Amino acid sequence: MSFVQEAMQAVMKKAIALAPDGWIPGGHPDPLMREKHGLIGASISRIDGPLKVAGQARFAAEFPMEGLTYAALRHSTIARGRIVSLDTTQAEAAPGVVLVMTHLNAPRLKPTPPFGSKPQAAGGDDVPVMQDDRIHWNGQPVAVVLAETQDQADHAQSLIRVQYEVQGGVTSLDAARAQGPEPGKFQGELLKVEIKDAEALFAAAPVKVDAVYRTPPHNHNPIELHAATLAWEGDELRVHDATQAVAHAAWTLSQVFDIKEAQVHVTSPFVGGGFGSKTLWQHQILAAAAARLAGRPVRIVVSREGVFRIVGGRALTEQRVAIGAQQDGGFDAIIHTGLTVMTPHNAMTEPFIVATRSAYAAKSFKLEVDTVKLNMVANTFMRAPGEAVGTFALESAIDELAAELGMDPIALRSRNEPEQDPTNGLPFSQRGVEQAWKTGAERFGWETRNATPGATRDGDWLVGVGCATATYPYYRMAGGAARIILDRTGRAVVEIAAHEMGMGTATAHTQVVAERLGLSLDQVEFRYGDTAFPGLVLAGGSQQTASIGSAVIVAHRTLVTELLKLAGNDSPLAGLKPDEVGGLDGGLCKLDEPGRCESYASILARAQRETLTVEGEAPPPLELQHWSMHSHGAMFCEVRVNAITGETRVSRFLGSFDCGRILNAKTAASQFRGGIIMGLGLALMEDAQFDERTGRIMNPSLAEYHVPVHMDVPEIEVMWTDEPDPHAPMGARGIGEIGITGVGAAVANAVFNATGKRVRDLPITLDKLL
Amino acid sequence: MRLTINGRQVEADVDVRTSLLDLLRDHLGLPGTKKGCNQGACGACTVLADGERINSCLALAVQYDGREVTTIEGVGAPGALHPLQRAFVEHDGFQCGYCTPGQICSAIGMAAELERGLPSYVTGDLDAETIELTHDELRERMSGNLCRCGAYNGIVDAIRETFGQIAEDAGKREAA
Amino acid sequence: MTPFLYERAADRQGALALGARAGASYLGGGTNLVDLMRETIAHPELLVDVTGLSREIEDTPEGGLRIGAGVKNTAVAGDRRVRQRYPLLAQAILAGASAQIRNMATTGGNILQRTRCAYFYDDAARCNKRAPGAGCDAVEGFNRIHAILGASPACVATHPSDMCVALAALEATVTLEGQDGGREIAFADLHRLPGETPEVETQLRPGELITAVTLPPNGLAARSTYRKVRDRASYAFALVSVAAGLELEGGVIGDVRLALGGVAHKPWRAHAAEAALKGRPATESVFREAAEAELAPARPLRDNGFKIELARRVIVDTLVKLARTEETV
């Protein structure tokens, strides 16, 4: 970006910050917030539940196709270099083999636009996909086999002989560090904040903590393997994908295959978990290329090992947090700096300082992320990128400082509660973190704890409690769009290219639309997961709800405007403006005169219309630059640490959240719990073991990469303020990621309370407590 | 090869390498049973073979010649759900739904094991005639079924609601 | 998976005849072998399915139990006689894997399961088990789960079974059948230490089949326990496990059995510790001395040094608790 562009951008940003609220999306509260006792917030079971429990929800690898072939990938075993020779003769001769594709015969493909390079781009990296002999990471696909059955394909790939020439490659953190760090960027902005001289204020502070915290690489490991079933129909590509970004996937595939976006049709009605991983990686591109070459449909189901090899995870971090404070706990300086790794072929920095930018007031700040590059599979977004691991460091340090000060850690947090965003100065849209702490502490019984570390024992078990702040911002990405089709029977269909990975999207938005239109749940059908529908909606960044919601608001307004036009002068609604009416009992009513109504069926019938179809596009997300919009949670944890073995068991957990309006109490509780449980994994066991000699992940399985099992998970209590954010669609801020934040620190702080040992290096395995 | 699947006799002529899981998913059009790891580490592929829960990914189909296999499709369908399936919906015992068929088949197998008085690693008295389905017993017995969405609390609630009475009933039968 | 032939053995003689063929491998529940075949670590040309054979648990005339090699892990752990007379074995089996796997896995198969070493499982790595003479990438790699006792420069892998640790403590014997007849060997002698030939994991001769495991009359039922320490609360391999049985005569240790899991290439019978315990008073300091004696030769690798301290603590604590236990039988 040129200096002029940057200057213009800064001016625009300032202008948006200073603009009157009314000019900004969210400036007028969503009228839906009026409804206090309707479908919004109701505890409604998932509408797709019966299909899922009966095994009838169709996932990507389950779509039948005539003449299907099965794909298997061969992965490189070196981290950097070139392929010297490839012998595929045995593989080609193996029974059932339809095609062996390597860089020697793969169709010529255009580069994959990586994430962030364009709004619609979804590539995990920008490495040419099987176009040359270069190897960029250990695990990169070097061949694809198509066969009549999966077993035949798997066996044939094992018969391919590959020889490599190793050419350098950086696979150790020390070697990467030696090459010199580069500044990290996230969402186009430098991850750097400096306010006053934080180092000097820190040095002068009477009380201080200063420590380094480390987190290992993580993998998302949704239980559904990455998969696609796809076919070419002439020059059109149809893909049944497991993706959290159908429109992005279609556009990106169209670029790679040099065809029009409309020639790629992607569907993804059910996704078996994503957590940031279900975007576009090489497997869909390779399967589509092989399908074109073979002239047959292809099903690719990446093996579990393959997922570790070709789908990136969360990068490791090494974070310094230093806090200087006055004796009363007031912060003079917050320093949060450190290092994370990325690759030469992607642009994703694990932005571990993002939570620290707006969590606490302080006189000075120094926040900065440096990156170094490793030859590894491109790291990517994983549930709460930045916050999940950043809050481990920050909230551990807060706890350490509280111990240093002899203060209650909740009181210390409260002492430093900011009045406005401490680093960008914007007003908060709504902030109920204090309320979350208060209600959570009461419920958990925080007051009754023994603050002395190592003082509570139950038989062999040392018992401790800890807490931490959870936080995640409100996001909304540009591109939201929705179609509403209202028919003469008074039923509405909403179509939007959004996703259901288990978040409860389909259910919650059926509720929202029904409430907005004044219909019952069974009168509304929410269609999603298909590029035939409008919108560029990523199920990521906890922003899908806002993206859908803001698009539906616009489409709905258009719908109401059109309905009033159609209603004409013979309607009881004659002469009313869109702002004066709302959806009620299957029609429109004047807001302050509930008797003055006409049903949708009546309006359409009189206008002799079978259906009314409208589309709306969400406005640009300027609210993000006008308010500081963040959700919070107060996380409480009780652990039992075995005094003999060091085994840590979480015996109680409570999350008290302030996330704006909750749309569905049942599915929201599951989202919170699910995030917390992934946080327990992060705290206690998750660690992708990257062998620095070879750049190879050595535990690429669910047997050796541990995630929590039933026995690791206690009953988890969740609660929320339900205070609407006046500037967010529906008053809701998105809840998919906040659950994982703060958990690492809450567990580590509880372990400290139980044992007196401070573990700053995740995961907290028993060897660190012996 | 001949198997009875969900009460129906089926014949299949497949490669001996074919796992029971792939037989179901790729050859018999029963994709309700899921592939999550293909190495016995996640439990998504759990089915019942002669009433016992197994990981169908590690089972060579030929080894199950002549056996009776029940998959999620045989447990219940929308409109005619098994009480456990209904409880999963009610207690939100899933999010993405991918591990769910395995969790449900596993829980049905677990209930049968409990009814037979089989102990687990957390059973205090190995020689007890009946074993109560405590929170620990349930979680230990279900630990072979991973849920990455973290719906464990709901799964436990659904199973307890459906099968919580088993131990008690078995006790009564013993007494009678 | 490399193509192979499959035969279901109708009887023992048939099994042995098939098992004598080149490239033959016996197949139990498949929970380990099928995985290894899929990972292209194992390439049998013929699978001889023996799950239909040796499916009984029988009382022996001496008062012990004879468990057929084809009996499923669940059936062993659920057997009333095992639960009453050999609770250590039931506990160890129930500590392993998941219910689904225990429903599939056979006694014979459990005994012959292979290591979980990541470098053994990754055919891109060097491994002397897979390719004798190739070298071992675990020695200087990730070796948190690896051996502290009895390892060699050629191999530092551990045996992953829980059941086998109990069988070692119980002084079981194993019945092997070959085409030349049968033989009984002590369970403790079945598995080998790696030495220079880590690819040879047991004393089994080519074509030989495990048909039964026999438990002697003394099941240590009065005071015994299996304690497993692992990285998550269930469904994980042991970092360290201890199978222990203790007989006390007026506060003095009589018979004692101690075996360790997760520490060596084989289920590790702790003979040194047992020698240090026999005839001594059952006190914590004696237990500590015994643990020290056993672990004196332990050698840590890069990541597994903690196992030495962990094993010491778990041995001592397990014995302390056993000594305190009221006699239950």
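Residue numbering restarts at 1 for every chain, and letters A, B, ... go by the order of the sequence lines. What you see is a predicted model, and the numbers here were worked out from it, not measured in a lab.
Both the backbone and the side chain of A:E224 have a heavy atom closer than 4.5 Å to some heavy atom of chain B. Residue B:Q39 touches chain A through its side chain alone, counting heavy-atom pairs closer than 4.5 Å.
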Chi angles and distances behind the side-chain contact (heavy atoms from CB on, under 4.5 Å) call for A:E62, B:R25: CA-CA 8 Å; A:E62 297 165 2; B:R25 284 175 67 81; 2.9 Å; yes
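Atom OG1 of B:T100 sits about 10.5 Å away from atom CD1 of A:I223, to the nearest 0.5 Å. Residue B:H91 holds its NE2 atom at 11.5 Å from OG of A:S670, rounded to the nearest 0.5 Å. In this structure, NZ on B:K34 lies 12.0 Å from CG on A:L225, to the nearest 0.5 angstrom. The distance from atom SG of B:C96 to atom CZ of A:F275, rounded to the nearest 0.5 Å, is 6.5 Å. Atoms OG1 and NE2, on A:T149 and B:H27 in that order, are 6.0 Å from each other to the nearest 0.5 Å.
With sequence neighbours excluded, no residue forms a salt bridge (Lys or Arg N to Asp or Glu O under 4.0 Å) with A:E66.
Judged purely by distance below 3.5 Å, without hydrogens or angles, the side chains of B:Q95 and A:Q671 pair a donor atom with an acceptor atom.
The salt bridge (Lys or Arg N to Asp or Glu O under 4.0 Å) contacts involving residues 68-96 of chain B comprise A:R46-B:D92, A:K666-B:E90, where partners must be two or more places apart or lie in separate chains. Listed by first and then second residue, the salt bridge (Lys or Arg N to Asp or Glu O under 4.0 Å) pairs involving residues 704-713 of chain A are A:E704-C:R116 (not counting sequence neighbours).
Of all residues spanning residues 56-67 of chain B, none has a heavy atom less than 4.5 Å away from chain A's heavy atoms.
Counting only heavy atoms from C-beta outward, the side chains of B:Y98 and A:V271 never approach each other to under 4.5 Å. Side-chain contact check for B:P78 versus A:K52: every heavy-atom pair is 4.5 Å or farther apart.
Summarising the geometry of A:M711 relative to B:R139, their closest heavy-atom pair is O-NH1, 3.2 Å, with the distance given to 0.1 Å.
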